[in-house]
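To start, the structure itself, in structure tokens.
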There are 2 protein chains.
Amino acid sequence: MTDVARAAGVSQSTVSRVFSLPDTVRADTRDRVLEAARRLEFTPNPAASALAQGRTGTLGLLVPNVVNPYYAEIIKVVQHRARAKGHTLVLADTGDEPEDGFALARAVGRQTDGLLLAGPRMTDAMVGELARSGPVALIGAEAPGADSVYAEPATGMRQVIRHLAALGHSRIVYVDGTLTARDPACRQPVHDACAEFGVDLVEQLGPFDLTFDNGVAAADLVPTSGATAVIAHNEMVAHGVACGLARQGRSVPGDFSLVSVDDTFMARTIYPALTVLHVPLDLMGARGVDLLLHRIEDPDGAIRHSPLPTSLVVRESTGRPGSVSGDV
Amino acid sequence: MTDVARAAGVSQSTVSRVFSLPDTVRADTRDRVLEAARRLEFTPNPAASALAQGRTGTLGLLVPNVVNPYYAEIIKVVQHRARAKGHTLVLADTGDEPEDGFALARAVGRQTDGLLLAGPRMTDAMVGELARSGPVALIGAEAPGADSVYAEPATGMRQVIRHLAALGHSRIVYVDGTLTARDPACRQPVHDACAEFGVDLVEQLGPFDLTFDNGVAAADLVPTSGATAVIAHNEMVAHGVACGLARQGRSVPGDFSLVSVDDTFMARTIYPALTVLHVPLDLMGARGVDLLLHRIEDPDGAIRHSPLPTSLVVRESTGRPGSVSGDV
DNA sequence: GACCACCCTGCATACGCATGCAGGCATGCG
DNA sequence: CGCATGCCTGCATGCGTATGCAGGGTGGTC
């Protein structure tokens with residue numbers, strides 16, 4: 001930078017200003033500096049800038065599993081939004097262990113301006129602890145101590161149940177896991193809606209995660225449940241259920257209707273395309289970034305929670321109940 | 001750090017050494033410093049460290065599309081490997097535009113110790129340019145100017161063809177796109193193997209990318225081709241082909257056999273599970289990181305190319321050819 | 001008992017940029 | 001024409017660590 005200054009016949013501080021506060025430098029001076037910089041192939045050193053400013057221009061994103069399309073789509077949106085706002089993204093895959101996630105979060109938080117936690121497997125206490133030591137925003141989860149954006153499930157789930165009820169389904173299996181406990185409860189709304197529309201609910205909950213294999217396992221129990229429709233809490237399980245049913249020789253939506261939640265690309269890479277409760281992942285990601293940047297600007301502002309509306313997208317996996325034998 | 005030094009009764013430089021070169025400090029001194037650091041909740045400032053060392057402890061990873069499971073799996077492995085080696089991962093999603101990717105690469109390269117390019121859509125010249133301005137390693141691609149790790153396709157593709165030929169298929173459709181041109185050519189080996197085993201080859205190549213939708217489109221052309229088996233160059237297209245065929249009322253592997261390449265989790269989240277040419281993505285990712293770290297250590301070392309063996313994994317999507325009408 | 005070698009620690013400075021402050025200049029107003 | 005008001009720019013210093021160098025101390029050796 002000193003070299004550029006010399007080449008342009010100005011001081012180092014002017015060069016610095018050209019790059020960080022262009023408006024404070026007269027146009028012709030600026031051009032002269034930029035020209036010199038171009039000639040010398042100079043680019044500001046981010047590390048030095050970070051040290052001097054106390055800001056890295058970097059955001060951290062923690063996800064439990066990069067490969068899960070739900071998180072993959074969030075990563076994609078977050079990355080683009082962050083970059084659009086002039087920030088770089090540091091990514092970390094935490095796995096399912098709360099302790100690991102917490103430790104990683106501390107480490108990543110240290111070298112970024114703020115932390116985005118997508119579907120964290122942590123306790124409220126851990127999240128609070130992190131939020132106290134730096135800007136934090138939650139995506140697809142909620143906790144008292146930090147900003148958050150997540151899907152508001154009640155209305156959407158009611159739509160799902162109504163859709164199924166209208167098709168003539170009177171008994172439904174609902175597959176959910178407990179590892180998503182931080183996600184605002186979907187279950188109560190499901191209960192309520194079932195009561196409202198006179199639908200019997202069979203819950204298939206477990207301490208399991210919402211994986212493909214658990215979906216296959218769940219599918220094995222469906223035929224004996226007497227239900228004619230299945231709601232899976234994300235596309236991984238939904239695919240598992242679909243494969244499980246196919247393997248049994250059952251057809252969707254002929255024998256069973258299937259509804260998923262999230263609406264990642266996987267909802268359409270299967271035949272029949274899945275009817276889903278669409279969750280606006282793009283908005284969630286973008287909103288998460290905005291919340292975090294806002295918190296970075298104003299560390300002491302009031303905490304904001306941002307529930308986003310979901311919507312029912314009817315595709316091919318739901319239809320009128322067929323003649324299910326309900327084999328023992 | 002100065003505070004910690006005072007609290008521990010040592011100098012700032014000793015504290016620095018405790019964190020960066022622990023072995024050069026006597027054990028009891030070290031303990032005293034660590035204790036003081038713990039008490040004051042001190043953690044070294046990465047930005048300052050980066051400035052002083054000229055190293056950020058950060059690697060950049062560029063992928064064309066985060067959501068594609070192929071890249072998602074690479075991201076996951078790379079992230080873990082990098083972290084295991086004491087580095088943090090900066091992620092960037094480039095999209096398909098070479099220019100964008102190049103610009104992003106320059107930007108990310110500036111703030112990291114090295115760059116990992118997974119399936120880059122850039123020209124050799126661009127890659128060379130990047131490699132000249134900093135450590136670079138390619139994953140799943142090859143270019144003269146940079147270290148690289150990629151799948152060696154010839155042997156594997158031959159196995160695939162042999163497998164299909166052995167099942168009795170004598171005419172095969174091969175779906176590939178040109179956007180993966182940087183991937184070491186698979187086509188010649190396919191041609192050769194087909195010749196070797198007396199199989200007719202119908203190529204369905206295009207300037208298109210290997211997306212789900214293009215797979216569906218390809219499926220429409222399959223029945224009229226007279227072929228009884230399809231090879232799709234990745235799981236996205238394979239899913240598209242599978243869905244397209246299902247939509248036509250054709251069954252896999254009853255009417256058509258289907259083989260995919262890569263073996264991401266998607267190969268098994270479909271029924272029937274896909275027979276695939278397995279590409280060791282985990283090894284590729286880890287190797288990529290190792291190559292890059294090596295290059296960072298030794299910027300002038302000889303360039304290394306690392307082809308990895310692939311292997312045929314037979315699942316459910318291939319079988320003996322059925323009675324295909326070949327409807328006009 | 002003297003000397004040498006080595007280990008550990010402190011001192012001083014560099015890393016590259018940002019920014020508060022003050023001074024120089026031009027413009028506008030009275 | 002003199003002075004006030006801004007606009008630009010340069011000066012000096014700070015950001016938090018790392019590290020070459022030198023000095024003090026220790027143990028070992030002859």
Side-chain angles (χ1 to χ4, degrees), chain A residues 1-38 40-58 86-88 107 109-113 133-134 296-297, chain B residues 1-38 40-58 86-88 107 109-113 133-134 296-297:
Chain A
M1 195 174 255
T2 308
D3 296 338
V4 176
R6 194 178 312 121
V10 297
S11 76
Q12 175 266 321
S13 38
T14 297
V15 178
S16 170
R17 276 190 264 264
V18 167
F19 285 97
S20 51
L21 303 166
D23 301 331
T24 69
V25 177
R26 213 199 314 163
D28 60 332
T29 310
R30 192 194 315 150
D31 293 342
R32 204 150 27 98
V33 170
L34 288 176
E35 166 59 21
R38 201 187 51 68
L40 279 70
E41 297 188 345
F42 166 84
T43 323
N45 178 323
S49 168
L51 177 57
Q53 290 186 99
R55 283 201 186 175
T56 60
T58 282
H87 288 255
T88 293
R110 194 72 184 79
Q111 55 191 302
T112 58
D113 293 340
S133 59
I296 290 171
E297 291 304 319
Chain B
M1 195 174 256
T2 310
D3 296 338
V4 175
R6 193 177 312 122
V10 297
S11 75
Q12 175 266 321
S13 38
T14 297
V15 179
S16 169
R17 277 189 263 264
V18 168
F19 286 96
S20 52
L21 304 165
D23 300 331
T24 68
V25 177
R26 212 198 315 163
D28 59 333
T29 310
R30 190 194 317 150
D31 294 343
R32 203 147 32 94
V33 170
L34 287 176
E35 166 59 19
R38 202 187 50 67
L40 285 98
E41 297 187 345
F42 166 85
T43 322
N45 179 324
S49 169
L51 176 58
Q53 288 187 102
R55 282 201 185 175
T56 61
T58 283
H87 287 256
T88 293
R110 194 73 184 76
Q111 54 192 301
T112 57
D113 292 341
S133 59
I296 290 173
E297 292 304 320

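Proteins come first, then strands; the chains are lettered A, B, ... in the order of their sequence lines, and each starts at number 1. As a basis for the values below, the full set of heavy atoms in this structure was taken, side chains included, without hydrogen atoms, waters or symmetry mates.
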Measure across [X] and [Y] and return the closest heavy-atom pair with its distance rounded to 0.1 Å.
| X | Y | value |
| --- | --- | --- |
| A:L51 | B:A47 | N-CB, 4.0 Å |
| A:Q12 | A:T2 | CG-OG1, 4.4 Å |
| B:P22 | B:V18 | CG-O, 3.5 Å |
| B:A5 | B:S11 | CB-C, 3.5 Å |

Any A:S16 side-chain nitrogen or oxygen under 4.0 Å from OP1 or OP2 of C:dA18: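 Yes, such a contact exists.
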Salt bridge (charged side-chain N to carboxylate O under 4.0 Å, His left out) evaluation trace for A:E41 with B:R110: CA-CA 12 Å; A:E41 297 188 345; B:R110 194 73 184 76; over 6 Å; no
side-chain contact (heavy atoms from CB on, under 4.5 Å) between B:V10 and B:V33, intermediate numbers included: CA-CA 8 Å; B:V10 297; B:V33 170; 3.9 Å; yes
Sidechain-backbone polar pair: A:R17 side chain, A:V25 backbone, donor-acceptor under 3.5 Å: no
Provide, to the nearest angstrom, the distance between the [atom1] atom belonging to [X] and the [atom2] atom belonging to [N].
| X | N | atom1 | atom2 | answer |
| --- | --- | --- | --- | --- |
| B:D23 | C:dT9 | CG | P | 13 Å |
| A:R17 | C:dC21 | CZ | P | 13 Å |
| B:L40 | D:dG16 | CG | P | 15 Å |
| A:R30 | D:dC7 | CZ | P | 15 Å |
| B:R32 | C:dC8 | CZ | P | 14 Å |
| B:N45 | D:dG16 | CG | C1' | 6 Å |

Between [atom1] of [X] and [atom2] of [Y], what distance do you get to the nearest 0.5 Å?
| X | Y | atom1 | atom2 | value |
| --- | --- | --- | --- | --- |
| A:H87 | A:T56 | NE2 | OG1 | 8.0 Å |
| A:T112 | A:I296 | OG1 | CD1 | 8.0 Å |
| A:R26 | A:D31 | CZ | CG | 11.5 Å |

Nucleotide nearest B:Q12 when distance is taken to its side chain, options C:dT19, D:dT17, C:dG10: D:dT17
Closest to side chain of B:S13, choosing from D:dA18, C:dC11, D:dT9: C:dC11
Given DNA chain C, 5'-ward residue of the pair B:D28 and B:R110, judged by closest heavy atom: B:D28
Rounded to 10 degrees, the angle between the two terminal axes of the helix from C:dG1-D:dC30 to C:dG30-D:dC1, each from five pairs: 30°
Sugar-phosphate only, base, or nothing, as touched by B:V25 at under 4.0 Å among non-hydrogen atoms: sugar-phosphate
Strand contacts (DNA chain C) in residues 46-56 of chain A, 4.0 angstrom heavy-atom criterion: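 Going residue by residue through residues 46-56 of chain A, the ones with a heavy atom under 4.0 Å of DNA chain C turn out to be A:A48, A:S49, A:A52, A:Q53.
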Derivation and outcome, side-chain contact (heavy atoms from CB on, under 4.5 Å), residues A:R38 and A:L34: CA-CA 6 Å; A:R38 201 187 51 68; A:L34 288 176; over 6 Å; no
Working for side-chain contact (heavy atoms from CB on, under 4.5 Å), residues B:R32 and B:T29: CA-CA 5 Å; B:R32 203 147 32 94; B:T29 310; 3.9 Å; yes
No-H, no-angle donor-acceptor pair, A:T24 side chain to D:dC8 base, under 3.5 Å: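 Answer is no: no donor-acceptor pair is held.
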Donor/acceptor link under 3.5 angstrom from B:R26 side chain onto base of D:dG25: no
Interface with DNA chain D, restricted to residues 2-11 of chain B and to heavy atoms under 4.0 Å: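 Heavy-atom cutoff 4.0 Å gives no residues at all.
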